[in-house]
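I have placed the structure first, in the form of structure tokens, so that the comments after it can refer back to it.
In what follows, chains are A, B, ... by sequence order, proteins preceding strands, each numbered from 1. Since this is a predicted model, take the numbers as computed values, not measurements.
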Protein chains: 2
Amino acid sequence: MKDNGRSSAQPTIAHVARAAGVSSATAARVLGGYGYAGAETRQRVFDAAKRLAYQPNQLARSMATGRSEMIGVVVADIENLYFARAIRAIIDTASANGFGVVLANTDEDIELERDAVRVLLANRVDGLIVSPTSSIEVDHLIGARDMGCPFVLLDRRVPVLNADTFAIDNFRAAHQAVASLIKQEHRRIALVSNAPSRGEQHYLISSVRERIDGYRAALHDAGIQIVPKLIILGGWDTENLARQLRQLCQSANRPTAFLATDSSVALVLLNVLRELDLSIPDKVSLICFDDADWTAAVTPPLTVVSQPIRDLAKAATEDLIARLQGEATGPAKETLLQATMIDRGSVSSALARPSVKRRTSAAGN
Amino acid sequence: MKDNGRSSAQPTIAHVARAAGVSSATAARVLGGYGYAGAETRQRVFDAAKRLAYQPNQLARSMATGRSEMIGVVVADIENLYFARAIRAIIDTASANGFGVVLANTDEDIELERDAVRVLLANRVDGLIVSPTSSIEVDHLIGARDMGCPFVLLDRRVPVLNADTFAIDNFRAAHQAVASLIKQEHRRIALVSNAPSRGEQHYLISSVRERIDGYRAALHDAGIQIVPKLIILGGWDTENLARQLRQLCQSANRPTAFLATDSSVALVLLNVLRELDLSIPDKVSLICFDDADWTAAVTPPLTVVSQPIRDLAKAATEDLIARLQGEATGPAKETLLQATMIDRGSVSSALARPSVKRRTSAAGN
DNA sequence: CTGAAAGCGCTAACAA
DNA sequence: TTGTTAGCGCTTTCAG
């Protein structure tokens, strides 16, 4: 155990101290940047440290201080553009504040999420940024907090946790998007999501639920009947989603417009529409969430709901760090950022098309 | 310092030991899964641990063993699809082997890369997976290895480092793509990359350099003259790249085909092409690297060079872990995976078009 | 099979 | 301003 596994032993503070001819406490003080030290002593220590290529051992420091300067990030899928942007912003913000980032992926699987939190806790991250998979199975998060590891919620709300939350105003965003479609005389508007199709409404993560709510509200406000079949919960299997979409598009009263709850879902929809030769925006209109870079490059460019996820992630990280440093110890607060619609041409008036049924009611199944 | 910052003190092995009526050494043995322990003793310890909701402290364990069970990952840009996929594969593979992942982003900035490595080293990650920004400024990597922190290279080669390397056969991939364009009678083929435009050829990261080499070789093999102006190094500024592309496309002898070295570059190109009303594949043909999900959804679907980045990242992670565990201590090896072209319709014959100059030489400036 | 004790590298009282 | 001395929670000889 002497060698510690590392072949060339790392120099420690003790080595530096000896080389500088001071006590290790003194060396530690100057190297750690705390406590007092004489100017000349300082210099000697720094010199010795450089000479030995000393690298502080954060692990040992963490042991002694009880803080690891690491924050854990738990999200569903790093490959998803939305989360990728979030993680990027988190890393940037964290490292600007001297924190490292340990990343875990859950794939929307609550067991993986539990494992992830356990591992992060074992590694004594100072805090957690979580985009929870479930709004009801949150015992592990409560556990984390009980163990003194605070967390903030990103993108998804879980009121019972009573934690600082950073989310998009999904209700409003969806409402606005649907309202704009209605203004273009669309009456049969479908909402397409990759939310799980089984299970209670209650199980939906808040973002999707709120978008559905916004969708319903907009229809309701316009006096349009809500047709359950037009709300597609595709689940995480894209093949299944594609199948549902094909069926919907081939039905007698196919929708004239779609609202996709994220860009990957929109992609599936796009493929189905092409397959069925339903051109945008002539035959159908489309708005999707997420201003993915490709949405501006397809033909026609897609009208999107742009979400300020980077700002959101940055705010979440700063908030967490502030709390870790003892500032901002108030009650849980919720930060809701507004999305903005970017009109790009995938929406056209339903009136321009010949064979569109315009009866408001009784049209659905 | 008693309370350690955490409000509710975490139970330690000592607590569990006391509760189980054994020595902490014994408790440690059963909880740590090493050394001997009587069946009944084991049980008592486990019970006590569960009762107290004991969570091992990986930090303390790392201190004692010298291994943190963490690997550091250093890439340029997490938001880039290619790296996002890589990271996903790394995390999956690492956690399947009991390792955590600390992520750092460099933005292709060598200073940030240095910082990142320093922080990771300070946190005593057991090993590093790096996609280095520079093929010459690698002292920090050598330093890492000297300190006993091994690393593997992902996506980019740096021969002087003599490290295990996992990369795509970029030369062959580019060669193949260009050859296929040539077979379609294209003679003016442009290569579009986001490599930095200043600096020596030498400074290019290996992946881009090899693609350019493959491009040249394919032209050379076909007896086509290489026109420097057709090799675009756009740098990291998309506006600049767009400007160059516009200029190129508006020149007298605009290219009839493009090879884009990644999907984000292809996106910029796509926008310029539409702006100038150059439709694909009628007016120009296009092949791009990276099978991004959107490439199949645009009109027309893009012919792409699909890179097995997930496999690559997985192999890199497994290799690193094997080395960490003392297996596979042989000399540095290089793993080169082949990319595959996916034909999707963004390429058509140059002959089919009327006004295309076919003189092989003297066409460029 | 179990316990005592030393030590990993650092921080933080407390003395000097 | 500097040094001494305990720990942080765990692993790991070494005795028993």
Report yes if a side-chain nitrogen or oxygen of [X] is closer than 4.0 Å to either non-bridging phosphate oxygen (OP1 or OP2) of [N]; otherwise report no.
X        : N       : value
Ser23(B) : dT2(C)  : no
Ser62(A) : dC10(C) : no
Tyr54(A) : dC10(C) : yes

Protein-nucleotide distance ([X], atom [atom1]; [N], atom [atom2]), rounded to Å:
X        : N       : atom1 : atom2 : value
Tyr34(B) : dC10(D) : OH    : C1'   : 7 Å
Tyr36(B) : dG3(C)  : OH    : P     : 17 Å
Gln10(B) : dG7(D)  : CD    : P     : 20 Å

Could you please spell out the steps behind the side-chain contact (heavy atoms from CB on, under 4.5 Å) verdict for Tyr34(B) and Arg29(B)? CA-CA 5 Å; Tyr34(B) 56 90; Arg29(B) 277 191 282 257; 3.7 Å; yes
Tell me which nucleotide among [options] gets nearest to the side chain of [X].
X        : options                  : answer
Met63(B) : dT2(D), dC10(D), dG9(C)  : dG9(C)
Ala28(B) : dC10(D), dT11(D), dC8(D) : dT11(D)
Thr26(A) : dG3(C), dG9(C), dT2(D)   : dT2(D)
Ala64(B) : dG9(C), dC10(D), dT12(D) : dC10(D)

Check this for me: does the side-chain of Arg29(B) come within 3.5 Å of the base of dG3(C) through a donor and an acceptor? yes
Check whether Asp77(B) reaches the backbone of Asp107(B) with its side chain - one donor and one acceptor, N or O, closer than 3.5 Å. no
Give the intermediate values and the outcome of side-chain contact (heavy atoms from CB on, under 4.5 Å) for residues Leu153(A) and Phe151(A). CA-CA 7 Å; Leu153(A) 261 24; Phe151(A) 58 87; 3.7 Å; yes
Considering every strand and a 4.0 Å limit on heavy-atom distances, what is the contact class for [X]: base, sugar-phosphate, or nothing?
X        : result
Ala25(B) : base
Ala37(A) : sugar-phosphate
Thr41(B) : sugar-phosphate

Do Asp47(B) and Arg44(B) sit within salt-bridge range, that is, some charged N less than 4.0 Å from a carboxylate O?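 No, no charged N to carboxylate O under 4.0 Å.
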